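Comments concern the structure below.
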Amino acid sequence: MAKIRIAVLCSGGGTNLQAIIDASGRGDLPSGQIELVISDNPSAYALERASANGIKSAVVSKKDIPREQRERIMLGLLEENGIQLVVLAGFMSVLSANFISRFEGRIVNIHPSLIPSFCGVGMYGLHVHEAALARGVKITGATVHFVNEECDGGPIIAQKAVEVLDGDTPESLQLRVMRNAEWVIYPLAIEKVCKSLLSKNNV
Ligand code: GRF
């Protein structure tokens, strides 16, 4: 059966990458296949996860290469590997409008809040959970969305709510959101997008 060729872009721990690899291993990603992992950080643990699972990887270092050149290299890698869907999983570089337009409707991201709360410029990593705790919300969660030129502004694909508990710290909340929402909905949403791309015969 045809599968959508996926690249996962990471910068750090890669726990979402791992959740997608695990889902694939369980047979829960029948419409897609991870063909490539790209990291903008040479010491990202995500690279170890790729190699431990026999997935090809590449480093396009944010520290050493200016954005325009980095994106040119990344676009080359995506093309060489026949990539049809780009999955951002803790990827800490902002993509240019030019890059996004080359993969319109084919880039997805996961954000650790219920968009439109606690999102947009500067809202990443622990900052998101700090803001949720500071506002005193009782429910937060995660959102999978398509990427467009507006930061965290693309069409929403999936969301899952997570309870905020008394005594939560940004770290404890981050972990609960990852475990109970991100790692659950990201593989499901990716399968949904791959299935839809296959059915549109738009691959
Ligand atoms: C996750 O919280 C994700 O929502 C955000 O960055 C974090 C990445 O974690 N975009 P990991 O690299 O997947 O472990």
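Owing to the predicted nature of the structure, the values given are computational and were not obtained by experimental measurement. Just so you know, ligand 1 is whichever comes first in the structure, and atom 1 is the first atom listed for that ligand.
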Applying side chain to side chain donor-acceptor pair (under 3.5 Å), run through R49 and Q18 and close with a yes or a no.
CA-CA 7 Å; R49 298 183 192 271; Q18 190 66 54; 3.2 Å; yes
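- A 4.5 Å side-chain heavy-atom check between L95 and E71 finds at least one atom pair inside the cut-off.
- Ligand 1 has a nitrogen or oxygen under 3.5 angstrom from a nitrogen or oxygen of T15.
- Between E182 and ligand 1, a contact under 3.5 Å exists for at least one N or O pair.
- With contacts defined as side-chain heavy-atom distances shorter than 4.5 Å, the pair R176/D168 qualifies.
- In this structure, E80 and L77 have side chains that are in contact, with non-hydrogen atoms separated by less than 4.5 Å.
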Assess the residue pair K56 and N81 against the criterion (side chain to side chain donor-acceptor pair (under 3.5 Å)); give the C-alpha distance rounded to whole Å, side-chain angles, the decisive distance to 0.1 Å, and a yes or no.
CA-CA 10 Å; K56 197 200 277 190; N81 287 278; 2.5 Å; yes
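- When only interatomic distances are considered, the shortest N/O to N/O separation between N16 and ligand 1 falls below 3.5 Å.
- Taking all heavy atoms of G12, G90, G14 into account, the minimum distance to atom 12 (O) of ligand 1 is reached by G14.
- Of all atoms in ligand 1, numbered sequentially from 1 with element shown, those under 4.0 Å from a heavy atom of I110 are 4 (O), 10 (N).
- When each atom of ligand 1 is checked for a heavy atom of M178 under 4.0 Å away, the hits are 1 (C), 2 (O), 9 (O), 14 (O).
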